[in-house]
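See structure below.
Reminder, nothing fancy here: chain letters follow the sequence lines and each chain counts from 1.
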Amino acid sequence: MMYNPTEIEKKWQKIWDDENTFAASNNSDKPKFYALVEFPYPSGQGLHVGHPRSYTALDVVARCRRLQGYNVLYPMGWDAFGLPTENYAIKNHIHPEIVTKNNVARFKSQLKSLGLSFDWSREVNTTDPSYYKWTQWIFIKLFERGLAYKKKMAVNWCSSCKCVLANEEVVSGACERCGGEVVRKEKSQWMLKITEYAQRLIDDLSTVDYPERVRAQQLHWIGRSTGAQVRFDTTAGDPIEVFTTRPDTLFGATYMVMAPEHSLIEKWSHQLKNVEEVRAYQAEATKKSDFERTEVAKDKTGVMLDGVRAINPVNGREIPIFISDYVLASYGTGAIMAVPGHDTRDWEFAKKFGLDIIEVVKGGNIEVEAFTDCETGIMVNSGFLDGLSVEEAKEKITNWLKEKGIGESKVNYKLRDWVFSRQRYWGEPIPIVDCPKCGFVAIPEDQLPLRLPRVENYEPTENGESPLASIHDWVNVSCPKCGADAKRETDTMPQWAGSSWYFLRYTDPNNDKELASKQAISYWLPVDWYNGGMEHTTLHLLYSRFWHKFLYDINVVSTPEPYAKRTSHGMILGENGEKMSKSRGNVVNPDEIVKEYGADTLRLYEMFIGDFEKAAPWSSASIRGCRRFLERVWSLSENIIPGDGLRPQTEAAFHKTIKKVSEDIENLKYNTAIAALMALLNTVTDLGGITRQEYRVMLILLNPFTPHITEELWELSGYDGRISESQWPEYDASKCIEQMIEIAIQINGKVRSRITVPADIQQNEAISAAKADPKIAHAINEKKIVRELYIPGKIINIVVK
RNA sequence: GCGGGUGUGGCGGAAUGGCAGACGCGCUGGCCUUAGGAGCCAGUUCCUAACAGAGUAUGGGUUCAAGUCCCUUCGCCCGCACCA
């Protein structure tokens with residue numbers, strides 16, 4: 001019989017559906033295992049070959065765990081709010097709801113064709129009112145606890161999406177999604193206080209199993225730095241507060257710099273002799289985009305405030321104050337003390353403006369460049385700090401500042417609060433009413449969900465308001481608290497809202513009383529293994545950790561962290577090694593691969609393609625090798641030879657393969673697991689066939705990777721029940737050892753010959769056997785043997801002179 | 001600049017300090033075939049007719065033994081980037 005993947009794949013997909021084979025139970029005596037992949041955004045382009053890499057990898061884990069006796073939850077859903085859908089809807093005059101429905105249907109049928117063992121009865125969709133009811137509920141809880149607030153501030157504005165962006169969504173000055181130019185805009189926005197969780201987001205990274213690159217990226221993004229906040233008095237009376245990580249260099253502070261937006265400048269305007277010049281510089285700075293302002297190689301610019309000077313608290317020296325855009329209003333206090341001797345930026349600025357540069361740590365040459373790498377240096381020109389190490393000086397000066405009441409130690413984070421409003425239609429409405437008397441009022445919980453109104457026109461407006469703002473009967477409401485005329489918030493939530501808690505909903509997807517029952521959450525959480533893309537490290541992954549911690553604080557979830565283990569797959573590139581994209585013309589469509597080779601071949605190939613964590617180029621030639629392998633597994637069913645159990649000559653090979661495949665699946669080494677299975681097939685083929693029991697083991701080991709063909713061969717071979725309900729084989733370590741082993745013999749570390757000896761041979765016997773080998777005997781000849789080593793089972797090395 | 005990776009055949013890639021190149025692709029030769037983008041067998045790091053050599057980006061070191069550990073230099077990828 002021929003291997004016909006199209007036929008058997010359809011057959012088994014239907015059976016799994018009909019029999020609910022992969023449904024997880026919230027009540028089970030088995031140990032639980034929660035495997036999670038990032039749910040996709042159902043785009044109009046359909047599934048990309050990159051999606052199955054992640055989905056198959058965790059499908060392998062999920063299927064393997066089921067065979068190992070776990071109660072496995074492996075769910076799937078749709079992260080369906082978002083701009084592309086809205087833009088498509090605008091362009092084609094179809095409601096986003098319809099677009100979403102169509103895209104979801106297409107994605108779902110594509111995913112089903114891959115034979116992924118999702119529990120489809122738990123499917124969720126973030127755009128479903130019964131889902132976003134709870135997204136809104138969480139927002140209200142955040143609001144009630146002061147973690148959601150509205151603030152007028154400079155925001156990142158994507159001029160193409162006509163929408164604000166979070167800091168995390170700006171990539172080198174451009175919009176993360178569309179690449180459009182990002183400019184600064186003053187707007188009143190809903191914000192979430194993620195900064196309040198900064199320290200816990202750092203601390204708890206040590207309690208979870210994340211790849212180093214993910215951990216490092218999050219730490220860096222949160223950007224904790226310790227130092228001191230110091231107050232400098234000024235001749236104008238108002239002090240300037242600065243943050244510094246180097247309080248030890250205070251004696252070297254020869255000028256100060258404030259961000260152009262700093263509020264003191266306005267206050268001092270009447271005392272400044274060069275107000276015009278200052279105003280001009282401020283205007284220039286606001287006009288610049290973020291990208292221009294943060295260009296690194298850029299020359300330092302600035303204006304000195306003429307008329308106000310600061311006083312260095314350690315020596316009473318009067319120093320000038322500048323404004324410059326190299327100081328950011330949004331970090332620290334928006335002002336710095338400049339120590340040009342020991343900070344590169346300050347040094348450049350000082351050189352340009354002819355300011356004093358004082359060496360306060362010995363060791364560098366401050367005439368040539370700032371001496372920044374000076375943590376081990378000794379203090380000089382620093383009064384009572386002279387002679388101390390940098391570390392001692394830090395401590396002494398901080399204590400001194402505290403005693404004098406002019407400063408104290410301080411921790412700062414680069415992380416900013418999360419800009420949470422979007423001026424768009426296709427998102428969750430923010431459930432807040434703005435009442436002239438009561439201020440912002442959350443709508444009562446029993447009125448959730450606050451549904452998106454049906455509208456004719458959902459195009460963004462030029463003035464930066466949400467399309468919802470023009471729907472008068474929706475906007476104008478009475479205040480839920482006092483009944484007065486009030487207005488609804490018309491912005492919607494960002495794309496990241498729904499995905500910040502979706503993994504909780506899977507545990508109890510139809511609950512209309514709670515986002516999920518406490519019981520279901522405590523049973524399933526934390527997620528045991530979460531795989532997803534690196535691109536979400538400082539977005540979704542960080543956001544969802546924040547929300548989870550908040551839900552932990554209000555006693556909705558029972559674990560401080562949502563994911564016990566995170567892994568990250570590499571991208572699948574086009575055949576030319578470049579990122580797949582329509583414009584490059586190197587896109588591979590998974591549907592066509594399934595049609596030509598079958599889903600099992602696609603799955604196997606994507607797992608075999610290379611190191612799971614690294615990017616790998618697609619190869620339409622290599623995939624044929626995977627199909628060939630499956631053909632050989634198929635025809636092996638017609639080559640069953642008599643015999644019971646494992647044969648003596650295959651026993652070690654099988655036990656070793658069971659061990660290798662089991663371990664490799666745990667360690668993301670899918671490629672070598674498959675290589676081991678290929679090698680096992682070669683072994684039995686060389687022996688002329690396979691016994692029934694051997695074939696059974698081989699099929700189970702292969703089942704997580706290629707579920708359809710193994711299910712079919714299982715049935716054809718007449719084994720009991722379904723392979724998906726069978727048991728994962730166990731290996732016996734003592735049986736992994738071959739009876740006879742080949743050992744290499746080295747002379748002075750170079751391999752000169754090999755001998756085959758019993759595995760349990762003793763050192764002296766092994767060495768005598770080695771010396772008896774003619775090549776070795778010849779090589780030793782009359783030389784003096786200095787040393788003889790036998791590393792059991794591995795190598796013999798004879799050192800001669 | 002900072003952080004995280006990474007460098008091995010023609011290609012994707014294997015190798016708890018112990019036989020470098022597993023497994024697959026491709027390629028070469030053969031068998032089978034009317035035919036082959038099918039199948040089977042053999043071979044395939046480089047140099048060599050063969051023996052012998054050389055070989056894991058670079059230069060050094062540790063070791064009986066180094067792709068693997070330590071130091072140097074170089075290249076590439078990803079993230080962050082005037083964060084005081």
Whole-angstrom distance between B/C74 and B/A81, as gauged at atom P: 26 Å

Distance, C1' atom - from B/U72 to B/G60, rounded to whole angstrom: 7 Å

P gap between B/A20 and B/U45, integer Å: 14 Å

Inter-nucleotide P distance (B/G10, B/G21), Å rounded: 16 Å

Distance flag, aromatic centroids of A/F353 and A/F322, threshold under 6.0 Å: yes

First of A/R224 and A/R632 reached from the 5' end of RNA chain B, by closest nucleotide: A/R632

Touch class at under 4.0 angstrom, heavy-atom based, for A/S225 against every strand present: sugar-phosphate

Nucleotide nearest A/H220 when distance is taken to its side chain, options B/G39, B/G4, B/C80: B/C80

A/K352, NZ atom: more than 12 neighbouring heavy atoms under 6.0 Å: yes

Interatomic distance at P, B/G9 relative to B/U56, whole Å: 10 Å

Taking distance alone, no hydrogens or angles, what donor-acceptor pairs closer than 3.5 Å link side-chain atoms of residues 406-415 of chain A to residues at least two apart or in another chain?
from   : atom 1 : to     : atom 2 : distance (Å)
A/Y413 : OH     : A/Q199 : OE1    : 2.4

Quick test: give all pairs of protein nitrogen or oxygen and nucleotides 8-13 of chain B nitrogen or oxygen below 3.5 Å, distance rounded to 0.1 Å.
from  : atom 1 : to     : atom 2 : distance (Å)
B/G12 : O2'    : A/I609 : O      : 2.3
B/G13 : O3'    : A/N671 : ND2    : 3.4

Span that lies between the P atom of B/A65 and that of B/G79, in whole angstrom: 43 Å

Closest to side chain of A/A621, choosing from B/C82, B/G53, B/G26: B/G26

Euclidean distance for P, B/G61 against B/G7 (whole angstrom): 24 Å

Touch class at under 4.0 angstrom, heavy-atom based, for A/E631 against every strand present: nothing

Residue A/A216, side-chain heavy atoms: nucleotide from B/G3, B/A84, B/G18 that is nearest: B/G3

Passing option when A/Y605 is tested against A/W618, A/F705, A/F629 for ring pair (Phe, Tyr, Trp, His ring centres under 6.0 Å): A/W618

Sugar-phosphate only, base, or nothing, as touched by A/S619 at under 4.0 Å among non-hydrogen atoms: nothing

Selected nucleotide, minimal atom distance to A/A675 side chain, candidates B/C23, B/A20, B/A84: B/C23

Sugar-phosphate only, base, or nothing, as touched by A/N682 at under 4.0 Å among non-hydrogen atoms: sugar-phosphate

Touch class at under 4.0 angstrom, heavy-atom based, for A/K660 against every strand present: nothing

Out of B/C23, B/G5, B/G26, whichever nucleotide has its closest atom nearest the side chain of A/R628: B/G26

Whole angstrom value for the distance that separates C1' of B/C25 from CZ of A/R627: 17 Å

Contacts of type ring pair (Phe, Tyr, Trp, His ring centres under 6.0 Å), residue A/W634, not counting sequence neighbours: A/Y3

Proximal nucleotide (of B/C23, B/G26, B/G37) relative to the A/R624 side chain: B/G26

Parallel, tilted or perpendicular: ring planes of A/H569 versus A/F612, cut at 30 and 60 degrees: tilted

Same-atom distance (C1') from B/C82 to B/G59, integer angstrom: 37 Å

Pair of N/O donor and acceptor under 3.5 Å linking B/C80 base with A/K414 side chain: no

Test: A/R215 and A/E212 ion pair at under 4.0 Å: yes

Sugar-phosphate, base or nothing in reach of A/R752, heavy atoms under 4.0 Å: sugar-phosphate

